[in-house]
Structure formats: C-alpha cells, structure tokens
Amino acid sequence: MTDKTAGQGPPEQPPVVSIARLAEHVDKTVRLRGWLYNQRGSKKLNFLELRDGTGVVQCIAFKGDLTEELWETSGAVTQESSLDVVGQVRAHPKKPGVFEIGVEHITVIGKSDDYPISPKDHGTDFLMDHRHLWLRSRRQHSIIRIRHAIIQAIRTFFDSREFTLVDAPIFTPNACEGTSTLFETDYHGQPAFLTQSGQLYMEAASAAFGKAYCFGPTFRAEKSKTRRHLAEFWMVEPEVAFMDLDGDMQLAEDFLCAIASHVLETRIDELEQLGRDTSKLEAIRAPFPRITYHEAIEILQKAGHDAKPGDDFGGDEETVISSEFDRPVIVHRYPAALKAFYMKKDPENPELALCMDVLAPEGYGEIIGGGQREDSLETLVSAIERHSLPMPAFEWFLDLRRYGTFPHAGFGLGIERTVAWLCGLPHVRETIPFPRMLSRLSP
Ligand code: 4AD
Ligand code: MG
C-alpha cells in the first residue's frame, strides 16, 4: 500500500512509501522522504541513515550505480538535511525484518548546516533549549511513541467500558486542588484560573452520563523543582456514578493493567531502545496490594523514617513505600486533614478520607490520586467554609447535591508520571513534547 496522504510525485515517479511499511515493497523501487540521521562513507559506498518519523533505514549509495553528480550528492549530505531518495528495497541479508535501500536517485530538499545536536553527549539544559530539534533523536522518538500508546490504551479502555468523553474547561472560576498552586489569568477584567483538575466538572458529567472521563492539560504553579512536577501536565480523569472507594480502586487497577499490557504489546522495540527492563512491566498484574495510610506509616518507620501519623507523604516517602512492592500499591484512607475539601469522610472514622493514591513501583511514587466524593450538601458546605473557599464559585457544584445527589467516585492519572515510570526515565521533563517547568517556558 502506498501512503496517499504523503502525496504522489510526477507520474513517472515511484510511489512515496513510509519506512515502517518497507516490508510491503521488497525488490521494488520506492521513493522515501525524510531527514539524514547519520552518514558514513568509503571510496565506493556511502551509507545514509534516513529517518522519516516512522522509522530509520539505511540507504546505500554505490558509486558504480550512480552518475558522478548523484554520487557526490550522496557523499556531501549533512546531518538532518531533508532528502528525497529513490531506490530499491532489499531485505537485509542477515537480519530478518530489516530492509535497506539501494539508492538510484537522491535529491536534497533542504540543506542543514551545522546541526547543533551531534552524536556526542550534550548537557540536559542544552538539549532542553533545543527541544524542538531534540525530538528528532531516537530516544525522544521512542518516549513520545510510548506516550502515544499509553493514550491509545486509555481511550480504548474507557470506550470498552461505556464511558463518555466529556471535555472539561481550561479557564475556571475556582480552585479544585488547593489555592497555593493556581495560575491566575485575566479573563475580560475578571480573575480566572487555569484548571488544576477537571474533576468537579466530571462530577457533573457523571450525573449526566453515568460514567464520564475527561482528558486534557492541567496546570499547577508548583514552586518546587522536582523530577515529578511540571507546571503543565496532562491528566485523565474518570468519574463514575454510584461507585464507592472499593470500586474506584478496582477501576484504577484494571486501568493500569490495561495500559501496561498495551504498551508491552505495541511498543516493545521502543522499550528496548530505551533499555527498559520489560520484566518490570510484565509484573504489573492484578491484584495490586492495598494498604491503609497507617500501614504506609509503619512501612516508613520500619525503613528508618521518622514519619508519624498525620504527616503527608512527599516524593521521598512515596519512593520508600513503593519500593516495597513489585507492582503499583494502592494507599487508601489518608487523614482527611491532608486532603481536598471534596473528599468523603470514612463513616467508620471521620478523621479519615475515603481516598486513595496509587504509587508506582521502582520508586516512581504517586501516579493516581482519587477517591469517593462528599455527596451530602450540608457536609460539603461546611467543608468549603472550613477550607475558606469562596462559596459563590461553588454554587453550581453544590447543585449536584441539591438535585438528586448520588454516591460517586473517580480519580486522576498523570500522563507524564506514567510515561516516566513505564519508560524507566529518571525525570518527567522528557515525557512531554514541550515541558513547562518552574524555570522553563521555551521552546
Ligand atoms: O492527586 P491529584 O492532585 O488529584 C487530582 O487532581 C484529583 N482532582 C483527580 C481526580 O480525582 N479526578 O493529581 C492527580 C495526578 C497525580 O497522581 C499525578 O500523577 C499528577 O496528577 N500530577 C502531576 N503530574 C505532573 N506534574 C504535577 N505538578 C502534577 N500534579 C499532579
Ligand atoms: Mg495527589
């Protein structure tokens, strides 16, 4: 099959194909368009590694097959020049599934002089400043392809369970996750905040659709520089009517297993390219251990941490707790005082919230936060007062408790932390195409 979207050349030109589909064209002459990834040459042969976004293929220019001019062109192409190459597809003599191109014609579409990223080691700041070019490298390509597969798995999972996608707004009049990380903007003369979470809107959506989810960018003015925090990150947030905390934990477990198995099924080459130990991903199977907040405190104390009941967990604590397990661990029932205003209290101990965090293994820490929501109008009103939140901004949210209130629960999964974990990356900055962090707004 030819790639119709890439457009066709003049009638005498062979079809434009993608590198990923070369297997369908063995022994035929095809046309490829892409960029020069790498090059080496000898007296009679030039080896050009061409990448087109779907893969990388070695194009072999043999002096004896080419005119003087084409031979010279093949030897003078510089890194990241864009090229149009016509040649015959040959199966690699020794490696099954690998193909080569015997170059018949080569045209430089756009020359690239002094490409700033060379195969040598560059510092992270340099690479981050050149993120727009760095995305072309094999490692970044693998990460973003795995991110794509994760998102694909998320959509398929919710589709197969009768969820409706309900997009939440980006401009919001109120805080969802505390007022300390709000990005304020001017909305036609009135203050507005970039959304921290679509949850409150998904609560409305769950009353309309039963099962709903949103998936979009969320924003937090995090003041700390850590390997887990971005100012702009993508979150997927399911919300389900008539589901309790147990159902929420079950949903999170099924969801993460589905994501991990889809990534293993569809992105094994990329995982290998990143040097990921895939046995760690194969271990992501149900059942996930479920421990209470107090059991988590005991784990910390046994590990020599001076944690005491009532303390919140930061990255260090999560690393210690999650390192005890070979698969994600669900920590539930944190002290209500540590959690957001909308959390329902545990009827068996009102000091605790019916909430849960899922901590990823290998020290990755929290990837999911969620729980059961307060469904009593009176209790929610007092919680909003106690948190000193502006009541008028929450009137619409209170309506959900006025008109047919219902038990419901949900959670939010951070995409970038999930990508970091599944790819085995030490920092979230490479998990999103263009990261926004405390000290980075460009490119
Ligand atoms: O635990 P959080 O704050 O939960 C909520 O926002 C709920 N309203 C979600 C819900 O119940 N619908 O955030 C959820 C997840 C975290 O577990 C983490 O994976 C990710 O969002 N996250 C971040 N990821 C990157 N950078 C940040 N600054 C993040 N803050 C949260
Ligand atoms: Mg959280």
Side-chain angles (χ1 to χ4, degrees), residues 147 150 154 158 163 166 168 172 174-183 193-206 211-240 243 245 247-249 251-252 255-256 259 293 312-315 317-318 322 328-332 334 338-344 353-360 364-374 397 408-422 425 427-432 435-438 440:
R147 178 185 170 107
I150 290 170
I154 288 170
F158 289 128
F163 277 74
V166 182
T172 59
N174 49 259
C176 178
E177 294 300 323
T179 48
S180 64
T181 61
L182 283 173
F183 273 113
F193 308 104
L194 299 185
T195 185
Q196 296 168 306
S197 157
Q199 179 196 319
L200 308 186
Y201 297 95
M202 288 311 99
E203 292 190 42
S206 71
K211 297 185 206 173
Y213 79 100
C214 64
F215 182 32
T218 47
F219 307 86
R220 302 215 187 155
E222 305 278 3
K223 303 296 182 318
S224 53
K225 252 189 175 171
T226 80
R227 61 194 181 90
R228 297 174 185 182
H229 289 92
L230 293 163
E232 178 179 303
F233 63 98
W234 285 66
M235 184 157 43
V236 57
E237 298 180 84
E239 191 73 27
V240 180
M243 186 171 76
L245 178 62
D248 204 30
M249 294 197 271
L251 183 67
F255 182 55
L256 290 175
I259 294 173
Y293 165 85
D312 204 356
F313 301 152
E317 288 79 12
E318 287 170 12
S322 63
V329 53
I330 309 181
V331 184
H332 57 91
Y334 286 67
L338 298 177
K339 293 291 178 180
F341 73 97
Y342 52 71
M343 302 259 184
K344 190 171 175 66
L354 288 178
C355 66
M356 58 123 187
D357 278 0
V358 182
L359 312 184
Y364 278 94
E366 183 194 335
I367 47 168
I368 283 183
Q372 197 171 332
R373 323 305 188 184
E374 183 51 69
F397 187 60
H408 58 289
F411 62 77
L413 168 90
I415 295 299
E416 290 72 21
R417 290 191 191 174
T418 307
V419 176
W421 163 45
L422 296 178
L425 307 177
H427 198 292
V428 288
R429 67 186 157 223
E430 289 175 54
T431 62
I432 183 163
R436 297 290 173 253
M437 295 177 291
L438 187 59
R440 181 166 296 279

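Residue numbers start at 1 and run along the sequence shown. As the structure is a prediction and not an experimental result, all values here were calculated from the model. Whatever order the structure lists them in is the order used to number ligands and atoms, beginning at 1.
- Residue contacts with ligand 1 for Phe233 involve side-chain atoms from C-beta outward but no N, CA, C or O (heavy atoms, distance under 4.0 Å).
- Remark: the backbone N or O of Cys176 is paired with a side-chain donor or acceptor of Gln196 at under 3.5 angstrom.
- Under 4.0 angstrom from ligand 1, the non-hydrogen atoms of Tyr342 all belong to its side chain.
- Backbone or side-chain N, O or S atoms of Glu177 do not reach the Mg ion (ligand 2) at under 2.8 Å.
- Contacts with ligand 1 closer than 4.0 Å are made by backbone heavy atoms (N, CA, C, O) of Ile368 only, the side chain lying farther away.
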Margin query: Assess the residue pair Phe219 and Phe233 against the criterion (ring-ring contact (aromatic ring centres under 6.0 Å, His included)); give the C-alpha distance rounded to whole Å, side-chain angles, the decisive distance to 0.1 Å, and a yes or no.
Written below: CA-CA 6 Å; Phe219 307 86; Phe233 63 98; 8.3 Å; no
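- At a heavy-atom cutoff of 4.0 Å, ligand 1 is contacted by no atom of Met202, backbone or side chain.
- Counting the atoms of ligand 1 from 1 in the order shown, those under 4.0 Å from a heavy atom of Glu222 are 28 (N), 30 (N).
- The contact set between ligand 1 and Met235, taken as ligand atoms under 4.0 Å from a residue heavy atom, comprises 6 (O), 13 (O), 14 (C), 15 (C), 21 (O).
- Under the side-chain hydrogen bond (donor to acceptor under 3.5 Å, both in side chains) rule, Tyr342 has a single partner from Glu374, Glu203, Gln199, which is Gln199.
- By the 30° and 60° cut-offs, the orientation of the rings of Phe163 relative to Tyr213 is perpendicular.
- Scanning all heavy atoms of the two residues, the minimum distance from Gly371 to Asp248 falls at N-OD2, 3.1 Å.
- A salt bridge links Glu239 with Arg373: the distance from a Lys NZ or Arg NE/NH1/NH2 to an Asp or Glu carboxylate oxygen falls below 4.0 Å.
- Within the 4.0 Å heavy-atom shell around ligand 1 one does not find Glu416.
- Here the shortest heavy-atom distance to atom 6 (O) of ligand 1, taken over Arg220, Arg373, Gln199, belongs to Arg220.
- Note: Phe215 and Trp234 have perpendicular aromatic rings, judged against thresholds of 30 and 60 degrees for the angle between ring planes.
- Counting atoms of ligand 1 from 1 in the listed order, those under 4.0 Å from a heavy atom of Arg228 are 25 (C), 26 (N).
- For the pair Val428 and ligand 1, no heavy-atom separation below 4.0 Å is found.
- Near Gly369, the atoms of ligand 1 lying under 4.0 angstrom from a non-hydrogen atom of the residue are 1 (O), 9 (C), 10 (C), 11 (O), 17 (O).
- Under 4.0 angstrom from ligand 1, the non-hydrogen atoms of Glu177 all belong to its side chain.
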Next item on the list: For Glu318 and Arg228, run salt bridge (Lys or Arg N to Asp or Glu O under 4.0 Å): C-alpha distance rounded to whole Å, both residues' side-chain angles, the deciding distance at 0.1 Å, then the answer.
Entry: CA-CA 12 Å; Glu318 287 170 12; Arg228 297 174 185 182; 3.1 Å; yes
